[in-house]
Amino acid sequence: MKRVSAQLVKSFMQHIEVTRECSISTRNQRLAAVRTLAGFIGQNSPEDLAWCAQIRAIPFKKKGHAPVGYLEKEEIDALLATPNQNSRLGRRDHTLLLFLYNSGARANEVAQLTVGDLRLHGPRQKSQPFVQLQGKGNKVRHCPLWASTTNALKELVKGHDDGQHVFRNRIGQPMTRFGVRDVVIRYARVASEKHAGLRKKRVGPHVIRHTTATHLLRAGVDLNTIRAWLGHVSIDTTNIYAETDLQMKAMALAKCDGRRLRKQKRWRDNPDLLEFLASL
């Protein structure tokens with residue numbers, strides 16, 4: 001323990017940042033592992049408590065939060081149009097991308113989705129089709145489905161039992177969250193060849209999730225509904241979308257434009273109204 005001093009750990013953190021040019025998040029992750037080890041040693045070796053206290057006193061480094069990445073409407077449309085729907089896998093991939101955009105689901109939520117989680121009603125039933133998603137902490141939420149998503153899912157799961165997974169790979173095994181991510185990245189790479197805006201963005205399942213939230217906000221959906229839609233525990237997490245969307249900020253700025261603000265006429269300055277009130 002004496003060889004691994006607090007000063008040595010600090011030097012290692014400096015090496016990670018400067019020499020290896022790692023991010024602050026990586027630096028903090030490495031420090032968290034060292035601090036966890038120190039805590040374990042302190043619980044099982046009382047004679048090393050002083051050393052443990054020195055290690056655990058090394059602070060994490062604060063970092064600024066980068067703006068949330070999302071796709072504009074024409075960019076998500078370009079992504080959805082990329083899969084070749086004339087092939088079986090192409091139809092599956094199109095349905096997968098459409099479902100991600102519709103539901104804002106996480107990659108692991110999509111991977112564990114079963115046919116029994118879908119409520120795809122017939123054309124004569126007037127109730128809203130929806131999907132049941134199981135998120136973090138085994139919390140269950142319901143997300144409505146568009147008609148286009150419903151039709152695509154019906155074709156994909158036709159003839160399948162409720163216990164079978166909705167999205168499966170080419171050999172019929174359930175897709176993993178890594179497989180879902182690979183599908184998104186692959187089609188984003190192809191779509192970027194035709195749409196220049198996608199070349200500057202790192203597109204993955206979580207970016208599509210951010211896109212869903214941002215577009216819902218632009219459509220006038222309140223933050224609390226978006227929170228429930230995405231399965232956030234706290235609305236503070238959902239507030240990041242209100243802070244990120246430049247289009248909504250521009251709209252708010254336009255409403256505050258002094259050139260558009262008109263001085264409201266007071267009722268006392270209206271002689272016709274005063275004459276009417278006096279006659280009462």
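Sequential numbering from 1 along the given sequence is applied to the chain's residues. Remember, predicted model here, so these are calculated numbers, not experimental data.
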Query - Candidates Thr212, Val207, Thr214 - the one meeting side-chain contact (heavy atoms from CB on, under 4.5 Å) with Leu71 - result: Val207

Requested in this report: May I ask you to test the Asp93-Thr82 pair for a side-chain heavy-atom distance under 4.5 Å?
Outcome: no

Query raised in the report: Atom CG of Asn28 and atom CE of Met13: how far apart are they, to the nearest 0.5 Å?
Result: 9.0 Å

**Report entry** Leu230 CG to Ser103 OG distance, which is reported to the nearest 0.5 Å
**Finding:** 9.0 Å

**Report entry** Any donor-acceptor N/O pair, Asp161 side chain to Gly163 backbone, under 3.5 Å
**Finding:** no

Query - Nearest atoms (heavy-atom pairs only) where Val180 meets Leu96 - result: CG1-CD1, 4.2 Å

Requested in this report: Might you work through the side-chain contact (heavy atoms from CB on, under 4.5 Å) test for Glu155 and Thr95, ending with a clear yes or no?
Outcome: CA-CA 9 Å; Glu155 288 295 321; Thr95 304; over 6 Å; no

**Report entry** His142 and Phe130 aromatic ring geometry - parallel, tilted or perpendicular at 30°/60° bounds
**Finding:** tilted

Report task. Classify the ring geometry between His215 and Tyr101 as parallel (under 30°), tilted (30 to 60°) or perpendicular (over 60°). Result -> perpendicular

Query raised in the report: Among pairs that include at least one residue of residues 196-208, which meet side chain to side chain donor-acceptor pair (under 3.5 Å), considering only residues two or more places apart or in two chains?
Result: Glu75-Lys201

Query raised in the report: Quick one: side-chain contact (heavy atoms from CB on, under 4.5 Å) partners of Lys10, sequence neighbours excluded?
Result: Gln7, Ile58

Query - pair Ile41-Ile55: side-chain heavy atoms closer than 4.5 Å - result: no

Requested in this report: Using atom types as modelled and distance alone, determine if a side-chain donor or acceptor of Trp51 lies under 3.5 Å from a backbone N or O of Val4.
Outcome: yes

Query raised in the report: Hey, does Leu156 have a side-chain heavy atom less than 4.5 Å from the side chain of Arg92?
Result: yes

